[in-house]
Amino acid sequence: MMEFKNKVKILGAKSVDFKPDDGSNRHYNHVVLFCEIPLDISQGSAIGSACETFNWQDNSNFHLLRSHKFPVEAEITFTAVTTGKKMNYVVKSVDLPHVSKI
């Protein structure tokens with residue numbers, strides 16, 4: 001298993017809990033994390049950053065984000081998986097900074 005941690009700036013998040021009415025019995029249940037990712041500058045045709053989305057299972061994790069002011073820097077543990085043609089990154093855990101009570 002290929003697992004790694006990366007410090008990421010989370011720009012925002014959205015809770016998803018959806019079951020389509022198409023008879024597929026699918027259940028989409030996750031938190032979409034909108035993260036700032038640096039662009040590949042090696043070709044000289046890009047500078048700066050872009051926003052990439054990652055799914056964090058399951059949407060009950062959304063409450064962990066509510067007490068934070070965005071954007072927030074967090075350490076995310078990813079697992080790399082492949083379909084055989086394309087690599088995807090699955091969020092295993094998100095280590096958020098401690099929020100002090102005022």
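The structure presented is a predicted model; accordingly, all values stated were derived computationally and were not measured.
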Derivation of the side chain to side chain contact (heavy atoms under 4.5 Å, CB included) call for Val31 and Val94: CA-CA 11 Å; Val31 176; Val94 178; over 6 Å; no
Could you walk me through whether Asn55 and Thr53 pass the side chain to side chain contact (heavy atoms under 4.5 Å, CB included) check? CA-CA 7 Å; Asn55 293 340; Thr53 60; 5.5 Å; no
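Residues forming a salt bridge (Lys or Arg N to Asp or Glu O under 4.0 Å) with Lys92 (at least two apart in sequence, or on another chain): none. Residues passing the side-chain hydrogen bond (donor to acceptor under 3.5 Å, both in side chains) test with Asp58 are Ser60, sequence neighbours excluded. Remark: Ser24 pairs with Asp22 by the side-chain hydrogen bond (donor to acceptor under 3.5 Å, both in side chains) rule, at least two apart or across chains. Taking the side-chain hydrogen bond (donor to acceptor under 3.5 Å, both in side chains) definition, one finds that Asn61 meets it with nothing, sequence neighbours left out. Every residue two or more places apart in sequence or in another chain that forms a side chain to side chain contact (heavy atoms under 4.5 Å, CB included) with Lys86 is listed here: Thr83, Asn88. Applying the side-chain hydrogen bond (donor to acceptor under 3.5 Å, both in side chains) test to Thr79 and every residue at least two apart in sequence or in another chain returns Glu3. With sequence neighbours excluded, no residue forms a salt bridge (Lys or Arg N to Asp or Glu O under 4.0 Å) with Glu73. The side chain to side chain contact (heavy atoms under 4.5 Å, CB included) search around Ala80 returns Met2, Met87, Tyr89, not counting sequence neighbours.
No path of Ile, Leu, Val, Met, Phe, Trp and Tyr side chains, each step under 4.5 Å between heavy atoms, connects Val32 with Ile37, placing them in separate hydrophobic clusters. Under a hydrophobic-cluster definition in which Ile, Leu, Val, Met, Phe, Trp and Tyr are linked whenever side-chain heavy atoms come within less than 4.5 Å, directly or via other members, Leu64 and Phe70 are assigned to the same cluster.
Side chains of Val72 and Leu11 form no contact here, defined as non-hydrogen atoms less than 4.5 Å apart.
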When the side chains of residues 40-49 are checked against the rest of the protein, which donor-acceptor pairs come out under 3.5 Å, sequence neighbours left out?
residue, atom, partner, partner atom, Å
Asp40, OD1, Ser42, N, 3.0
Asp40, OD1, Ser42, OG, 2.6
Asp40, OD2, Ser42, OG, 3.3

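Here Val81 sits in one hydrophobic cluster together with Val90; the rule is ILVMFWY side chains under 4.5 Å apart, joined directly or through other members.
In terms of heavy-atom proximity, Asn59 sits nearest to Val16 at CB-O, 3.4 Å.
Among pairs with a residue in residues 22-65, those fulfilling ring-ring contact (aromatic ring centres under 6.0 Å, His included) read Phe54-Phe78, at least two apart in sequence or across chains.
The 12-atom threshold is exceeded at CG of Asp95, counting heavy atoms of other residues, nucleotides or ligands nearer than 6.0 Å.
In this structure, NZ in Lys9 is found 11.5 Å from SG in Cys35, a value given to the nearest 0.5 Å. To the nearest 0.5 Å, atom CD of residue Glu75 and atom OG of residue Ser93 are 8.5 Å apart. Remark: Leu65 CG to Ile10 CD1 distance equals 6.0 Å, nearest 0.5 Å.
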